[in-house]
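Working notes, beginning with the structure itself.
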Amino acid sequence: MTNPHEAEYSYDKGSFEQTCDCGCKFLVEVTGQKGHEEPEEYYCPDCRKEFKTRASITPRVTKL
């Protein structure tokens with residue numbers, strides 16, 4: 001049986017570095033929430049190329 005309160009709280013799923021085809025390097029920070037994870041878009045800070053990951057909100061992107 002699952003705890004109904006688990007879905008109320010988000011958690012840090014982790015972060016990773018990514019390099020776009022345009023050469024831009026950026027950090028992607030992903031937040032999750034049990035029962036509320038869907039494909040979420042995030043974009044390269046330079047060329048705006050779209051990427052996707054499973055998360056509860058749009059991932060935070062920081063140019064490195």
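Here the structure is a predicted model, which means the values were calculated and not measured.
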Test of understanding: with salt bridge (charged side-chain N to carboxylate O under 4.0 Å, His left out), list the residues that count as partners of E29, not counting sequence neighbours. R60
Does the side chain to side chain contact (heavy atoms under 4.5 Å, CB included) test come out yes or no for C20 and C47, once each step is laid out? CA-CA 9 Å; C20 184; C47 73; 3.7 Å; yes
Approximate separation, where rounding is to 0.5 Å, of E40 CD and T53 OG1: 9.5 Å
Remaining members of V28's ILVMFWY cluster at a side-chain heavy-atom cut-off under 4.5 Å? F16, F26, V30, Y42, F51, V61
Nearest-0.5 Å distance that lies between atom CD in E37 and atom OG in S56: 6.0 Å
Between P59 and T31, is there a side-chain heavy-atom distance shorter than 4.5 Å? no
If the condition is side-chain hydrogen bond (donor to acceptor under 3.5 Å, both in side chains), which residues does E17 pass it with, not counting sequence neighbours? none
Output the rest of the hydrophobic cluster of L27: all Ile, Leu, Val, Met, Phe, Trp and Tyr residues reachable through side-chain heavy-atom contacts under 4.5 Å, sorted by chain and number. L64
If the condition is salt bridge (charged side-chain N to carboxylate O under 4.0 Å, His left out), which residues does K49 pass it with, not counting sequence neighbours? D21
Identify the heavy atoms of K63 and P45 that sit nearest to each other, and give their distance. CB-CG, 4.0 Å
Closest heavy-atom pair, Y43 versus E50, reported as atoms and distance to 0.1 Å, is OH-OE1, 3.2 Å
Which atoms form the tightest heavy-atom contact between Q33 and Y9, and what is the distance? CG-O, 3.6 Å
Look at the side chain of K13 and the backbone N and O of R54, then say whether any donor-acceptor pair between them is shorter than 3.5 Å. yes
